[in-house]
Amino acid sequence: MTVAIINTDMNIGPFKIPGNGQNMILNNYADRYKITVEEIIPEPFMSNSLATTQWTQKKKKLDKIILCSIHQLPQEKKRINNLINSMKKVEFHFALENVHGSGKKFLMKCIKEAKIFKKATTIDSTKISWSALYNLKIKKNKKK
């Protein structure tokens with residue numbers, strides 16, 4: 001059984017997690033679930049295709065991979081198809097969301113969730129007061 005953790009660019013969806021922070025998150029996740037990590041795969045910066053991981057899969061036949069977040073999955077249709085076709089039997093673990101699974105259905109669900117989050121509006125908490133945030137919440141609840 002080959003288990004790998006994957007480091008990617010520090011920009012992970014709404015998060016900014018440098019490589020050493022990703023390593024800490026991934027190793028902590030593996031430790032909590034008693035998963036023995038055998039490989040560390042560094043993906044190139046500014047890449048979201050997991051191409052290095054797919055290349056490693058061809059050479060080493062990965063059984064499990066651990067990523068920090070679903071936001072590290074590709075979003076372009078061609079890259080999604082490449083990932084699903086080459087990694088359909090691999091068990092994916094996402095540390096921050098605390099979910100794992102395998103297969104096309106699981107990966108498509110994760111990719112869909114990441115797309116929903118990508119559309120969400122980000123509020124800069126350094127430029128707004130807590131009472132203003134609370135009022136935004138109340139206003140939004142009234143619209144429902």
- Task: Start with the C-alpha distance between I12 and Q22, add both sets of side-chain angles, then the distance that settles side-chain contact (heavy atoms from CB on, under 4.5 Å), and finish with yes or no.
- Result: CA-CA 10 Å; I12 301 172; Q22 289 180 50; 3.7 Å; yes
Distance (rounded to the nearest 0.5 Å) between [X] [atom1] and [Y] [atom2]:
X	Y	atom1	atom2	result
S102	I65	OG	CD1	11.0 Å
I41	K60	CD1	NZ	8.0 Å
I5	N23	CD1	CG	5.0 Å
I84	L107	CD1	CG	5.5 Å
L73	I111	CG	CD1	5.0 Å
L96	L26	CG	CG	8.5 Å

What I want to check is whether the side chains of [X] and [Y] have a donor and an acceptor closer together than 3.5 Å.
X	Y	answer
Y33	N28	no
S69	E97	yes
E43	T53	yes
Q54	S86	yes

- Message: What verdict does the side-chain contact (heavy atoms from CB on, under 4.5 Å) test give for H93 and L67, after you've listed the backbone C-alpha separation in whole Å, the side-chain angles of each residue and the deciding distance to 0.1 Å?
- Response: CA-CA 6 Å; H93 290 254; L67 291 142; over 6 Å; no
- Query: Is the CZ atom of F117 crowded by more than 12 outside heavy atoms at less than 6.0 Å?
  - Reply: no
- Counting only heavy atoms not in M10, do more than 12 sit closer than 6.0 Å to its CE atom? yes
- N135 side chain vs S131 backbone, donor-acceptor pair below 3.5 Å: yes
- Message: Strictly distance-based, threshold 3.5 Å: is any side-chain N or O of E91 a donor or acceptor partner for the main-chain N or O of K64?
- Response: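 Flag not set: sc E91 to bb K64 has no pair under 3.5 Å.
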Are the side chains of [Y] and [X] in contact, using a 4.5 Å heavy-atom criterion?
X	Y	result
Y134	L136	no
N98	Y29	yes
T2	E39	yes

- Task: List the atom of P74, the atom of I80, and the distance in Å for their closest heavy-atom pair.
- Result: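 What the structure gives for the nearest pair is O-CG1, 3.5 Å.
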- Pick one: which of I40, L50, I66 meets side chain to side chain contact (heavy atoms under 4.5 Å, CB included) with I6? L50
- Task: Test side chain to side chain donor-acceptor pair (under 3.5 Å) on T8 and Q72 and set out the steps.
- Result: CA-CA 7 Å; T8 63; Q72 291 168 291; 2.6 Å; yes
- Stepwise, does the side-chain contact (heavy atoms from CB on, under 4.5 Å) test hold for V3 with L62? CA-CA 6 Å; V3 179; L62 303 170; over 6 Å; no
- Does one hydrophobic cluster hold both M87 and I70, with members joined at side-chain heavy-atom distances below 4.5 Å? yes
- Would you please indicate if the ring centroids of H100 and F94 are separated by under 6.0 Å?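 No, ring centres 6.0 Å or more apart.
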